[in-house]
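Structure, as structure tokens:
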Number of protein chains: 2
Amino acid sequence: MGYKIGEVARKVGCKVETIRFYEKAGLLPEPSRSAGNFRLYSDSHLEQLRLIRHCRSLDMSLDTIRNLLKLRLHAAENCREINDLVDAHICRVEAQMKLLTHLRGSLQKLRSQCSGPEASGTCEILLELSGCECHGAGVGS
Amino acid sequence: MGYKIGEVARKVGCKVETIRFYEKAGLLPEPSRSAGNFRLYSDSHLEQLRLIRHCRSLDMSLDTIRNLLKLRLHAAENCREINDLVDAHICRVEAQMKLLTHLRGSLQKLRSQCSGPEASGTCEILLELSGCECHGAGVGS
DNA sequence: CTTGACTCTATAGTTACTAGAGGGATTGTA
DNA sequence: TACAATCCCTCTAGTAACTATAGAGTCAAG
């Protein structure tokens, strides 16, 4: 009765430790235990774990997923909020894309500074990198 | 003689703790000390710190920056390697962009599943999220 | 009854910082 | 000279989302 953790990991395609981690992080309810203290998961656990992994593959944070799981408890009434949550995540992804596009531009410009070995005495790339002051914010995953 | 750490932080535009962190991480050489054990930085420290911050703003890892600093010791001879390092970083950025583009597509498709409140009894978004198994790798900053 | 595969808990490591505790140094003012 | 404000010091712990290890217990097959 119930799947052991290794079985679940195989079915869902993640590591055993990740499952235990989600439990401690409050994303997956504690399953029942066997006589020998092994975790025994139900189909609903399996489904919830798949949801979590799917959301993670879409790069949602665990916090966002926690919110989604709360909303799921009354999915019908929370239709609006669920859509908002997904929209907010799309916004985050697009913001990241914009940052990366900008970054790539800067890098390509930097790269083009190089006039080849022995052309000049110095490395133009290093010159540019240490020259100006930058207050960049990084990409922040 | 030499700038105190707060002064350097102000000039470069980062936090005092960040500077100490770079020292411990081996990115910034240990500066001399005052009689009262305060760090005293030179202009070359300042320049190197600016280089580090610029690279960080381009989202290079500290490890990549460490490599770049090593190459910088003999910049003229290492022209090729410096270019390679920048190219490799551009590749990483482009890989991330590709992932995000894919992600956005998936999210938009997911979002479009919603047929509005009260249209159907269930939430199509949640259905899709917990339905299929996904072996996604995440975006990995 | 032993071997091997599985599971358990608890802890430390990863990245690039940031924030805090608990103290000492320096500077300006009264 | 006393005192407060502001700086600086070291050390430790926290962040996100896991991953990896140690050291122990459980279970099925041979």
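For the salt bridge (charged side-chain N to carboxylate O under 4.0 Å, His left out) condition, the pairs that include at least one residue of residues 40-49 of chain B, sequence neighbours left out, are Glu47(B)-Arg72(B). Judged as a ring pair (Phe, Tyr, Trp, His ring centres under 6.0 Å), not a single pair has a partner in residues 7-40 of chain A (not counting sequence neighbours). Applying the side chain to side chain donor-acceptor pair (under 3.5 Å) test to residues at least two apart or on different chains, none of the pairs has a partner in residues 100-110 of chain A.
Within residues 31-45 of chain A, the residues having any heavy atom closer than 4.0 Å to DNA chain C are, in order of number, Arg33(A), Asn37(A), Phe38(A), Arg39(A). Near DNA chain C, meaning a heavy atom under 4.0 Å from it, residues 84-92 of chain A has no residue at all.
Considering only residues two or more places apart in sequence or on other chains, Lys24(A) meets the side chain to side chain contact (heavy atoms under 4.5 Å, CB included) condition with none of them. Scored by the side chain to side chain contact (heavy atoms under 4.5 Å, CB included) test, Ser44(A) finds Ser42(A) as partners (sequence neighbours excluded). Listed by chain and number, the residues in a side chain to side chain contact (heavy atoms under 4.5 Å, CB included) with Lys70(A) are Asn67(A) (sequence neighbours excluded). Residues passing the side chain to side chain contact (heavy atoms under 4.5 Å, CB included) test with Arg33(A) are Glu23(A), Asn37(A), Arg39(A), sequence neighbours excluded.
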Show each protein N/O and nucleotides 20-23 of chain D N/O combination with a separation under 3.5 Å, one pair to a line.
from    : atom 1 : to       : atom 2 : distance (Å)
dA20(D) : OP2    : Lys15(A) : NZ     : 3.0

List every contact pair, protein side and nucleotides 11-17 of chain C side both N or O, where the distance is under 3.5 Å.
from    : atom 1 : to       : atom 2 : distance (Å)
dA16(C) : OP1    : Leu62(B) : N      : 3.3
dA16(C) : OP2    : Leu62(B) : N      : 3.4
dA16(C) : O3'    : Arg56(B) : NH2    : 3.4
dC17(C) : OP2    : Tyr22(B) : OH     : 3.0
dC17(C) : OP2    : Arg56(B) : NE     : 2.5

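Panel note: side chain His89(B), backbone Cys55(B); no donor-acceptor pair is recorded below 3.5 Å.
Comparing the helix axis at one end of the helix from dC1(C)-dG30(D) to dA30(C)-dT1(D) with that at the other, each defined from 5 consecutive pairs, gives an inter-axis angle of 30° (nearest 10°).
Residue Glu30(B) places its CD atom among 12 or fewer non-hydrogen atoms of other residues, nucleotides or ligands, all under 6.0 Å distant.
At a threshold of 4.5 Å between non-hydrogen side-chain atoms, the residues Leu28(B) and Leu49(B) count as touching. Within the 4.5 Å cutoff, side-chain heavy atoms of Leu62(A) are placed close to those of Ile65(A).
Nucleotide dA17(D) holds its C1' atom 16 Å from the CD atom of Glu23(A), rounded to whole Å.
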